[in-house]
Amino acid sequence: MTIEFTLPDIGEGLEEAEVIEWHVKPGDRIDRDQPFVDILTDKAQTEMPAPGAGTVVSLGAAVGDVVKVGDVLIVIDDGATDGASTGGVTDGASTGETADAPAEQATGGEPNDTGPARTDGRRAKAAPSTRRLAAELGIDLSGLNGTGPGGRILATDVSLAAAATTASPVAAVTAPPTRSTPSAAQTTPTTTAEPGPVATAPAASTTAPVQAPTPPATPARRRTPPPNPRATRSTELTGAQSTLGQMPFGTHPIRGIRRATARAMDLSWSTIPHVTAMDELDATELLLARSRAREALADRGGNVTPLALLLVAVARGLRRYPMMNATLDLADDRITIHEAVNLGVAVASERGLLVPVVRNADQLGVVEMAEEVARLSAAARAGSISTDDIAGGTFTVSNYGSNGGYFAAPIIRPGEAGIVGFGAITKRPLVVDDQVEARPVIPLVIAADHRLIDGDVLSAFQADLADSIARAITLLVG
């Protein structure tokens, strides 16, 4: 008997999902609850478990295809009959004939490669973009030890492996033994490359005179621009510097996070009239409060960044100015003032920009906020973020200062009234008691939906945030 498993509604308002990666192919044996496909829904990547055990008959879509709720994802033969199809359907409302087409037809002609198997029998963990890079460079993922969370293979691991395998054996023989240092584009502070194979020279004859090794030719000097400290900081923080802003020449289909982001930003910019306010704020008290909070969290093995304090300030400000925590629906001529303050926090990951949500953020203290942001950020970068963790945001904070940016114009997420952006804390000349002093300064930018937020409300909210940051030590209370 064959079972057709359709795409279920696994989240609020889910209408479609993109197929990111198949873990099985036609003819494979599959167990009940075994993950068989990764799908992307509203920026959350989810593994779908098999509804039952059996043999995979066909797949309903190719990698990169968008399937609607109710569309067939996979057809499984559970062996209950002698291969006769009954057209059974599970977890969906659609019915139809069982797909009996070969794999090439069922997947649009694309192979269903699930990736190389590791020597321990487990499948190598890597994102589709990392697999493509490995294929282009001729790197076998099964032989790599991933440095990402849970042993996940990152693009940096592939790049370093490629660099090691392309090292010249002649140079290894003739050059004095030196320890090579990866360039800034090949390493991060948290990633350690494994040494590649080193060629050795054959043993010298006992009768022939031994000659000193020939020094390598001095390479031609190349004029290179000085390193950009902001770019270096950016790559250190994202952990994906080998692919940051990089794509091969040519035309590429829009897939995954980039497609979801493109659609959301197109909707936002074409439908929301943005009004923006900005300021530069003295961050002296903010850094002092951060030091106090770190002392409080030291016993719990965590860390507090200025972002945790800023999020607490934003969340409490939204409680005092609830219009900034609202949603406008022109189709029904309705404004919804949200009771819960659910802060979205933009996180750069290897797959693209994700926005996990800190729920009831106005009820969290600084230490709890720091721990929750650390948990969500780690899950987002590891690709294990759940649908629940990215749904239901009411306002967004973008910390582009972590990438070295100073001023920017953030774009509002559809369905929200505004977004706050914080730049990098930098020393600037400020007038304090009629004297010019060098003080740490943090730039603040707020964008609001002008259909909903008037200038006086925006200015009042901006002044509230400025006051909270100027008296940041009070954020540690409550």
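As the structure is a computational prediction, the values presented were derived from the model and not from experiment. The basis for the numbers below is simple: all heavy atoms, side chains too, and nothing from hydrogens, waters or symmetry mates.
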> Minimum heavy-atom separation for Pro440 to Ile425, with atom names?
Replying inline: CB-CG2, 3.8 Å

> What's the shortest heavy-atom distance between Ser468 and Ala313, and which atoms?
Replying inline: CB-CB, 3.9 Å

> Less than 4.5 Å apart, any side-chain heavy atom of Thr271 and any of Pro414?
Replying inline: no

> Just by distance, do the side chain of Ser398 and the backbone of Gly421 share a donor-acceptor pair under 3.5 Å?
Replying inline: no

> Rounded to the nearest 0.5 Å, how far does CD1 of Ile74 lie from CG of Asp28?
Replying inline: 9.0 Å

> Can you name the nearest heavy-atom pair linking Thr276 to Ala447, along with the distance?
Replying inline: OG1-CB, 4.1 Å

> Does Phe461 reach the side chain of Val420, with side-chain heavy atoms less than 4.5 Å apart?
Replying inline: yes

> Taking the side chain from Asn325 and the backbone from Ala340, do they hold a donor-acceptor pair closer than 3.5 Å?
Replying inline: yes

> CG/Leu475 to CE/Met369 distance, rounded to the nearest 0.5 angstrom?
Replying inline: 10.0 Å

>> Holding to salt bridge (charged side-chain N to carboxylate O under 4.0 Å, His left out), I want the full list of residues that pass it with Arg439, two or more places apart in sequence or in another chain.
In response: Asp282, Glu437

> Are Leu364 and Val312 close enough, and set up right, to give a side chain to side chain contact (heavy atoms under 4.5 Å, CB included), and what steps lead you there?
Replying inline: CA-CA 7 Å; Leu364 300 181; Val312 170; 5.8 Å; no

> Roughly how far apart are Thr261 OG1 and Ile411 CD1, rounded to 0.5 Å?
Replying inline: 11.0 Å

> Should Leu286 and Leu281 be marked as a side chain to side chain contact (heavy atoms under 4.5 Å, CB included) after you check the CA-CA gap, both sets of side-chain angles, and the distance that decides it?
Replying inline: CA-CA 10 Å; Leu286 179 71; Leu281 308 175; over 6 Å; no

>> Which heavy atom of Leu452 sits nearest to which heavy atom of Ala417, and what is that distance?
In response: CD2-CB, 3.7 Å

> Is there side-chain contact between Pro306 and Leu287, with at least one heavy-atom pair below 4.5 Å?
Replying inline: yes

> Is a salt bridge present between Arg263 and Asp266, judged by a nitrogen-to-oxygen distance below 4.0 Å?
Replying inline: no

> side chain to side chain contact (heavy atoms under 4.5 Å, CB included) between Ile469 and Phe422: does it pass, once the steps are laid out?
Replying inline: CA-CA 12 Å; Ile469 293 172; Phe422 292 104; 4.1 Å; yes

> Below 4.5 Å, heavy atoms only, C-beta onward: do Val441 and Tyr406 meet side chain to side chain?
Replying inline: yes

>> Within the 4.5 Å heavy-atom criterion, are Val373 and Leu311 side-chain neighbours or not?
In response: yes

>> Main chain of Val347, side chain of Arg381: is a donor-acceptor contact present, judged purely on distance under 3.5 Å?
In response: no

> Could you give the distance from CZ (Arg413) to CD1 (Ile272), rounded to the nearest 0.5 Å?
Replying inline: 11.0 Å

> Looking at CD1 of Ile412 and CG of Asp449, how far apart are the two atoms once the value is rounded to the nearest 0.5 Å?
Replying inline: 5.5 Å

>> Treating Thr327 as the side-chain partner and Gly415 as the backbone partner, does any N or O pair qualify as donor plus acceptor under 3.5 Å?
In response: yes

> Does any non-hydrogen side-chain atom of Arg375 lie less than 4.5 Å from one of Asp389?
Replying inline: yes

>> Taking Met278's backbone N and O only, do any of them form a donor-acceptor pair with Gln462's side chain (distance below 3.5 Å, no angle check)?
In response: yes

> What residue pairs, at least two apart or across chains, pass side-chain hydrogen bond (donor to acceptor under 3.5 Å, both in side chains) with a residue in residues 352-363?
Replying inline: Arg319-Asp362

>> Can you give me the closest heavy-atom contact between Gly317 and Asp464, atom names plus distance?
In response: CA-OD2, 3.4 Å

> Is there a side-chain contact between Val445 and Tyr400 (heavy atoms, below 4.5 Å)?
Replying inline: yes

> So His274 and Trp269, would you call those rings parallel, tilted or perpendicular, with 30° and 60° as cut-offs?
Replying inline: tilted

>> Quick one, Val341 and Phe395 - any side-chain contact, counting heavy atoms below 4.5 Å?
In response: no

> Given Glu18, which of Arg258, Lys68, Arg259 fulfils the salt bridge (charged side-chain N to carboxylate O under 4.0 Å, His left out) condition?
Replying inline: Arg259

> Among Asp333, Thr336, Ile335, whose side-chain contact (heavy atoms from CB on, under 4.5 Å) with Leu328 holds?
Replying inline: Ile335

